[in-house]
Amino acid sequence: MIGLLAMLTFTVPLLGGLVLFKLDERKADAVMLGSFFTAMLLQFGVLIEYLLHHNHGTVHIAYMTTERLGEVYGIIIDPMSVLIGTVVALAGFIFMFYGMEYMSERNVGHPIGKGRGLFYAWMTLFEGATLGFIYSSTFLGLLIFFELMGLACWGVVSYYGTKAGARAGFKAFIIPNVGAMIGFYSAIYVGITQLHDLSLFSLSHVSASVKPWLFIALLIAGYTKSAQFPTYSWIPDAMEAPTPASAFLHGAAMVEMGVYLVARVLQFIGPLPTWVFYFMAVMVSLTLLIPILNYPVQNDAKRLLAYSTVAEAGIMFVGLTFASLGLEVGLKAAMFQLTAHAFIKGLAFLTAGSFTYSLGTLDLRGISGLKDILPINALSWSVALLGLAGLPPMAIAFSKAELLMSLSAVKVTPMAWLPILMVLTDSAVFLWVGVKWITKNVFGKKIAVRANTHPIITASLVLLLILVFIVPYLAYPLVHEIGFLGGGH
């Protein structure tokens with residue numbers, strides 16, 4: 001039963017996405033929202049079934065096996081896939097519920113009306129590919145859904161048809177695709193030639209001489225997907241996408257799936273040499289340096305949030321850096337950070353989108369007096385910026401605190417302090433910049449403009465505001481169960 005539910009969570013949106021290429025306007029609204037809502041209900045079904053009958057366990061179903069290649073396609077249902085699948089399905093539904101109004105002719109900055117069916121098609125495929133990726137248990141399955149995510153990302157980033165959008169869409173597709181070729185092709189080659197099995201479970205049998213290099217290849221795939229140094233430039237450019245797509249690819253899909261991939265590999269591959277930790281620590285520190293330097297000079301709301309995404313994904317990789325030493329708490333911290341980030345970043349992007357919708361601008365220099373003209377938006381912008389900086393009681397404060405529990409790695413190497421210090425620096429700089437913009441945007445002089453909003457926009461922001469505060473308590477029972485599976489930790 002649970003296997004069927006898991007398969008349906010991504011099959012339904014994949015089919016819905018294909019149908020949507022032929023639809024537009026109200027019919028497209030209905031099919032899109034129905035697909036996202038059904039996927040969310042099915043994912044809740046997986047969650048309930050897992051908690052009632054499979055809690056603490058791992059359900060592995062091999063759907064396709066051969067004598068030469070072992071497992072070709074299958075699914076894994078465990079605390080990690082159930083948690084992140086639920087995050088993606090819930091966040092995706094909220095973002096596209098909001099998107100139904102954002103993509104209307106009432107949007108001051110980007111009036112659409114006709115033609116939104118194409119956007120819905122790409123977004124629904126995006127959701128299906130992401131959920132399929134989360135549950136896949138083989139490298140072939142992961143590769144297929146990884147590439148489908150990249151194709152959908154190209155579709156949404158280039159949707160508006162501008163020259164900048166076309167260029168950004170191409171970058172968003174090609175950079176992660178290069179990473180996929182390096183990582184997945186290496187894993188499939190090793191699976192075919194050495195292991196005769198394409199399953200993640202076979203990773204623990206990789207020879208000691210090959211294991212760290214195979215991990216580095218897959219790490220590169222994760223880095224390109226998650227916009228980490230030196231391949232981060234595609235993510236600020238991807239702000240050409242409509243805001244609901246930005247929220248999804250930053251908060252619950254594209255970027256997070258690079259982290260999820262590396263976390264999955266670490267679960268199965270077994271202990272890694274200490275030099276891998278050094279490599280990851282240096283790379284994540286360089287990654288965090290990029291947004292630290294860029295925050296103060298950003299005036300565009302979405303580009304500010306894009307650099308924040310680079311940093312927040314980097315913080316997830318800090319947890320995985322500690323996990324490479326065999327510290328389970330690093331794995332938990334990374335997944336906790338991913339969960340917390342999805343909703344706070346979604347809140348931030350949907351609020352930025354409301355500036356476009358109501359005021360026709362993303363230029364923070366021209367937005368002032370929100371507390372008087374758009375009070376709910378003023379609250380959500382304040383909570384989002386302070387939450388992304390890591391202030392309690394917003395969710396990211398708890399996931400960042402979990403990272404500090406990984407500092408037992410100092411016993412292995414004093415260099416364990418470096419990524420933690422970079423995380424703290426990033427938080428301090430973002431807090432400074434965030435307070436600056438809150439002071440101007442929320443409490444500044446009221447601008448002379450009539451700002452209209454819509455109940456769908458307001459309801460989406462309110463729902464995310466609630467989730468930002470309660471998600472740590474809802475997620476932690478599953479976070480606590482996440483651990484290593486196949487590597488003998």
Side-chain angles (χ1 to χ4, degrees), residues 1-20 23 26-55 59 61 63 75-101 117 119-136 145 148-149 152 244-245 247-248 251-253 256-257 260 338-339 342-343 346-347 350 455-456 459-468 470-471 473-475 477-478:
M1 177 65 178
I2 195 169
L4 176 61
L5 286 171
M7 290 285 286
L8 286 172
T9 58
F10 58 87
T11 305
V12 167
L14 287 175
L15 293 175
L18 294 175
V19 171
L20 279 161
L23 301 177
R26 289 186 178 180
K27 288 182 180 179
D29 289 345
V31 173
M32 178 277 293
L33 203 61
S35 297
F36 273 85
F37 185 67
T38 303
M40 182 179 68
L41 289 182
L42 287 165
Q43 179 57 41
F44 285 158
V46 173
L47 174 65
I48 293 167
E49 179 75 8
Y50 182 78
L51 293 176
L52 290 178
H53 302 294
H54 304 280
N55 202 8
V59 180
I61 305 172
Y63 285 111
I75 60 174
I76 304 175
I77 304 166
D78 68 339
M80 187 185 289
S81 60
V82 172
L83 173 65
I84 306 306
T86 304
V87 169
V88 169
L90 176 58
F93 172 74
I94 296 171
F95 298 164
M96 290 311 292
F97 174 68
Y98 167 102
M100 192 169 56
E101 176 58 29
F119 174 70
Y120 290 164
W122 286 123
M123 282 300 295
T124 312
L125 284 176
F126 210 161
E127 160 113 330
T130 305
L131 290 167
F133 185 84
I134 287 167
Y135 283 113
S136 291
F145 288 117
L148 188 54
M149 272 191 282
F248 191 61
E256 274 69 14
M257 290 307 103
Y260 184 85
L338 193 160
T339 301
F343 298 103
L347 178 67
L350 297 199
I456 287 179
S460 303
L461 295 180
V462 170
L463 184 53
L464 285 170
L465 274 167
I466 294 168
L467 285 168
V468 160
I470 68 172
V471 76
Y473 309 102
L474 298 177
L478 277 174

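Small disclaimer: the values here were computed from a predicted structure and weren't measured.
- Note: Thr130 OG1 to Leu148 CG = 8.5 Å, rounded to the nearest 0.5 Å.
- In terms of heavy-atom proximity, Gly99 sits nearest to Tyr120 at O-OH, 4.1 Å.
- Between His54 and Ile77, every side-chain heavy-atom pair lies at or beyond the 4.5 Å cut-off.
- Considering all non-hydrogen atoms of both residues, Phe95 and Ala252 come closest at CE1-CB, 4.5 Å.
- Atoms CG and CD, from Leu42 and Glu49 in turn, are 12.5 Å apart once rounded to the nearest 0.5 Å.
- When every heavy atom of Gly92 is checked against every heavy atom of Glu127, the shortest pair comes out as CA-OE1, 4.0 Å.
- Between atom CG of residue Leu47 and atom OG1 of residue Thr86 there is a gap of 4.5 Å, rounded to the nearest 0.5 Å.
- Between Phe93 and Phe37, the angle of the ring planes lies from 30° to 60°, which puts this pair in the tilted group.
- Looking at Thr38, its side chain never comes within 3.5 Å of a backbone N or O of Ser35 through a donor-acceptor pair.
- Put simply, the residue from Leu474, Val87, Leu478 that forms a side-chain contact (heavy atoms from CB on, under 4.5 Å) with Thr339 is Val87.
- Contact between Leu347 and Leu465 at its shortest, heavy atoms only, is CD2-CD2, 3.8 Å.
- Put simply, the side chain of Thr124 does not reach to within 4.5 Å of the side chain of Val31, judged on heavy atoms.
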inquiry  = Using side-chain contact (heavy atoms from CB on, under 4.5 Å), reason through His53 and Ile2 one step at a time and then give a plain yes or no.
reply    = CA-CA 9 Å; His53 302 294; Ile2 195 169; over 6 Å; no

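- If you take CD on Gln43 and CG on Leu90, they are separated by 10.0 Å, rounding to the nearest 0.5 Å.
- By the 4.5 Å heavy-atom criterion applied to side chains, Ile84 and Phe133 are not counted as neighbours.
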task = Tell me, with the steps shown, if Val59 and Asp78 meet side-chain contact (heavy atoms from CB on, under 4.5 Å).
result = CA-CA 6 Å; Val59 180; Asp78 68 339; over 6 Å; no

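- Remark: the backbone N or O of Pro244 is not paired with any side-chain donor or acceptor of Tyr98 at under 3.5 angstrom.
- When every heavy atom of Phe36 is checked against every heavy atom of Met123, the shortest pair comes out as CZ-O, 3.6 Å.
- For Phe119, the ring-ring contact (aromatic ring centres under 6.0 Å, His included) criterion is met by Tyr159, not counting sequence neighbours.
- Shortest non-hydrogen contact noted between Ser460 and Leu350 is CB-CD1, 4.3 Å.
- In this structure, OH on Tyr135 lies 12.0 Å from CE on Met7, to the nearest 0.5 angstrom.
- Atom CG of Leu83 sits about 9.5 Å away from atom CD1 of Ile134, to the nearest 0.5 Å.
- Taking 4.5 Å as the limit, some side-chain heavy atom of Tyr260 sits within range of a side-chain heavy atom of Ser81.
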